[in-house]
Amino acid sequence: MKIDWHILGPGAMGCLWGVYLKSQQQSIGFISRSEPHSNTVLLQKTGLEGEASMEVPIATVASLSAPIERLLLCTKSYDGITAFENVQHLLTPNAQVVLLHNGFNTQQSLASTYPQHRLYALVTSVGSFLKSPYQVVHAGQGDSFIGPLTKTAAEHPILEFPLNTQWEPNIHQRLIDKLCVNAVINPLSVYYQCQNGDLLSGEAWSTFQALAKEVDQVIHSLGYKPSQPALKLAMPVAEKTANNYSSSYQDVKHQRRTELSEFTGFLYRKGKSFNLDLPQHETLIQAFKHQFQLESLDHFP
Ligand code: KPL
């Protein structure tokens, strides 16, 4: 059977986008990193926009029978480069590869190492979580943008992608804006052990404002141009997702490696290379190492 979209990374995002690609009459298939128990999985969705249930083929890289024409790569950002390189030999010369990761580092590294590939980034604020493997809950509405990371991708826009995704020629800007949001909300939701909306009052709110200023300092030192200051970007997202627990909070709760080193760790390392004074980042990183014991999992500086 011909597969239109291969999906690598069957977390909440991989499952959710898989369901909606299928609803656009695109055939999908999962790529598994370990030997699957069977050659199909039952993918189920609940939450917003009703329930859906479908059988989806699944195969390992070694057992894929046809080359990959379109790939949705939605591993955690720290796994993105290895995941891409593991399947690179299976991509057709004109394959379209959509990267759906938090952070900015993985997308930037892949685009500069592989400019010959049609690489795109998907930036989304749609909310979802997994109840159990392949059982995804569509938890919140959001905006989604897809855009080119390489010149060859810019020449071949992806104009039809589900969930009202808009083509965004300046996807770098969206990635930087999202990095600012994640760099404020995610570490603080772990530090204060709270839902996103709880960050908008009390002590957390003062830290929120101070951290957002430090994020601005580093982002500007790097020469990046977000559309607004970090505070103005992060505040409406915290309001809109007030009842959500951030992905980093959920990772800590489930004792999974978080992506905090891609946000807080990344900005701190960069900021220090410009000799910036970053007391909020320092407090957070110390707490993550000692109080939450994230160091071994997260590779903080
Ligand atoms: O992207 C998110 C995340 O949790 O990783 C936000 C926007 C902060 C929503 O929770």
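Every number for a ligand or one of its atoms is a count from 1 in the order of the listing.
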From CG (N196) to OG1 (T241), nearest 0.5 Å: 4.0 Å

Atoms of ligand 1 under 4.0 Å from any heavy atom of S246, numbered from 1 in the order shown, are 4 (O), 10 (O)

Counting non-hydrogen protein atoms only, what is the nearest one to atom 3 (C) of ligand 1? Give residue, atom name and distance. S247 OG, 3.4 Å

Residue-level breakdown please: for K178 versus ligand 1, do any non-hydrogen atoms fall below 4.0 Å on the side chain, on the backbone, on both, or on neither? side chain

Which residue owns the protein heavy atom closest to atom 8 (C) of ligand 1, what's the atom, and how far is it? N186 OD1, 3.3 Å

In terms of relative ring orientation, are H172 and F104 parallel, tilted or perpendicular, with 30° and 60° separating the classes? perpendicular

Please state which protein non-hydrogen atom is closest to atom 9 (C) of ligand 1 and give its distance, to 0.1 Å? N196 ND2, 3.6 Å

Taking C-beta and beyond as the side chain, do S221 and K270 meet within less than 4.5 Å on heavy atoms? no

Using distance alone, decide if ligand 1 has a nitrogen or oxygen within less than 3.5 Å of any nitrogen or oxygen in N182. yes

Would you mind running through ligand 1 and noting each atom that sits below 4.0 Å from a heavy atom of N102? 5 (O)

Lys/Arg N to Asp/Glu carboxylate O, E262 vs K76, below 4.0 Å: no

Can you tell which part of N244 has a heavy atom less than 4.0 Å from ligand 1: side chain, backbone, both or neither? neither

If only atom types and distance count, is the side chain of K213 paired as donor or acceptor with the main-chain N or O of A230 below 3.5 Å? no

Check the angle between the aromatic planes of Y249 and Y245 and answer parallel, tilted or perpendicular using the 30° and 60° thresholds. parallel

Spacing of H6 atom NE2 and L71 atom CG [to the nearest 0.5 Å]: 8.5 Å

Atom 7 (C) of ligand 1 - nearest protein heavy atom and its distance: V237 CG1, 3.6 Å

